[in-house]
Amino acid sequence: MRIDVVSIFPEVFRPVLASSMLGIAQERGLLDVRLHDLRDWAEGVHRQTDDYAYGGGPGMVMKPEPFFRALRDLKADAPGECTVVLMTPQGRRFDQRAAEDLASREHLVILCGRYEGFDERIRSLADLQLSIGDYVLTGGELPAMVVIDAVGRLIPGVLGHEGSAAEESFSWGLLEYPQYTRPAVWEGMSVPDVLLSGDHARIAAWRRREALARTAALRPDLLDDADLTPEEREFASGTAQEKEAGRLDEGES
Ligand code: ADE
């Protein structure tokens, strides 16, 4: 997968991209992230990428021309399927489903805004506008890194163990089941016996139930979209009601 990132601060991506999983993905040729400085498409000695807002008001607005030129050049450089993503707090909320969808694409171009906002015409370039949450950051760079990380780790071959992405939080539409490693007892806290049993069917059933109970207790909103059997739905709604009645403490599964 190729990802082109357009930003006025391309350097801030480097340490994140060099980090273990994303770095290995690039070394293995599974992920090809190319960083671009928006100023390379700006004009004048100052290579200005922002300007005052028409109609007045505080703060600067990002100019449309550098983004339009950048996209024209990047599309010419890599003809074929390309999904243009604009990071903005006004976008659709980014979630695991969106990450899975993007991980199946050949080529992403991620546009990062800054300052108070960007010229409205820039939105017309985007196939997808994405927000990472209902808060306003100083720019689209951190959100873009979140998207690259979440998408990059889903590319086949990037994670050491192919099952790990498929089994974790949200892949069932549920929170992840509790995990343990050695020692079996630590400071009086024991690993549940079932995990030491070697009985894979029992372990799988326990994990599924724990994931359900945990989701019902901590994030009942996720249950609406989760793929559950009628029995599981009944169990989850019982757990959610118990939680509602205050019988489960916060953090308890
Ligand atoms: N740019 C500024 N805040 C943002 C957010 N929450 N999500 C995506 N892009 C942003």
Side-chain angles (χ1 to χ4, degrees), residues 1-17 19 21-22 25 31 33-42 47-71 74-75 82-105 107-155 169-170 173 175 219 221-222 225:
M1 163 184 268
R2 171 169 164 178
I3 304 179
D4 287 280
V5 181
V6 181
S7 158
I8 57 166
F9 295 122
E11 292 309 313
V12 303
F13 287 83
R14 292 208 191 281
V16 172
L17 292 174
S19 75
M21 218 118 77
L22 292 176
L31 180 63
V33 182
R34 302 182 190 196
L35 302 172
H36 307 278
D37 189 340
L38 181 68
R39 289 197 176 85
D40 291 345
W41 288 283
R47 303 202 298 159
Q48 196 178 338
T49 54
D50 61 334
D51 211 336
Y52 295 101
Y54 273 123
M60 303 293 273
V61 175
M62 295 200 86
K63 291 164 68 58
E65 316 94 295
F67 280 106
F68 275 75
R69 290 190 203 110
L71 209 55
L74 294 174
K75 282 186 167 176
C82 162
T83 304
V84 180
V85 181
L86 178 66
M87 304 313 306
T88 161
Q90 297 180 21
R92 193 182 108 195
R93 181 81 67 86
F94 182 63
D95 58 14
Q96 190 65 21
R97 210 165 273 173
E100 282 162 15
D101 176 24
L102 291 180
S104 69
R105 313 287 176 108
H107 182 199
L108 304 180
V109 177
I110 304 182
L111 307 176
C112 304
R114 273 265 148 190
Y115 311 115
E116 297 298 309
F118 38 74
D119 186 286
E120 193 60 23
R121 289 164 288 191
I122 294 169
R123 287 187 206 279
S124 72
L125 295 172
D127 299 306
L128 190 59
Q129 299 182 41
L130 285 181
S131 163
I132 61 160
D134 291 337
Y135 38 80
V136 180
L137 299 166
T138 54
E141 284 76 13
L142 285 169
M145 285 185 237
V146 167
V147 169
I148 294 169
D149 192 275
V151 170
R153 61 192 292 288
L154 293 176
I155 298 171
S169 283
F170 296 117
L175 299 183
R219 290 290 308 277
D221 55 300
L222 293 175
D225 287 340

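Indexing begins at 1, ligand by ligand and atom by atom, following the structure's order. A quick note: this is a predicted structure, and the numbers were derived from the prediction, not measured. Both backbone and side-chain heavy atoms feed into the values below; hydrogens, waters and symmetry mates do not.
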In terms of residue, atom name and distance, what is the protein heavy atom nearest to [atom]?
atom                    : answer
atom 6 (N) of ligand 1  : Y135 O, 2.8 Å
atom 3 (N) of ligand 1  : L137 N, 3.0 Å
atom 10 (C) of ligand 1 : P89 CD, 3.5 Å
atom 7 (N) of ligand 1  : I132 N, 3.0 Å

Subset of ligand 1 atoms that lie under 4.0 Å from at least one heavy atom of G139
1 (N), 2 (C)
Numbered in order shown, the ligand 1 atoms found under 4.0 Å of a heavy atom of G133 are 6 (N)
With a 4.0 Å heavy-atom cut-off (strictly under), which part of [X] contacts ligand 1: side chain, backbone, both or neither?
X    : answer
P143 : side chain
L130 : backbone
T88  : backbone

Using atom types as modelled and distance alone, determine if a side-chain donor or acceptor of R121 lies under 3.5 Å from a backbone N or O of P64.
no
Has D119 got a side-chain atom pairing as donor or acceptor with K63's backbone, closer than 3.5 angstrom?
no
Mind checking whether [X] and [Y] have side chains closer than 4.5 Å, heavy atoms only?
X    : Y   : value
V151 : M1  : yes
F13  : V33 : no
E11  : D37 : no

Are R93 and D134 ion-paired here, with the side-chain N under 4.0 Å from a carboxylate O?
yes
Salt bridge between R123 and E120, side-chain N to carboxylate O under 4.0 Å?
yes
Strictly under 4.0 Å, does any heavy atom of A144 approach an atom of ligand 1?
no
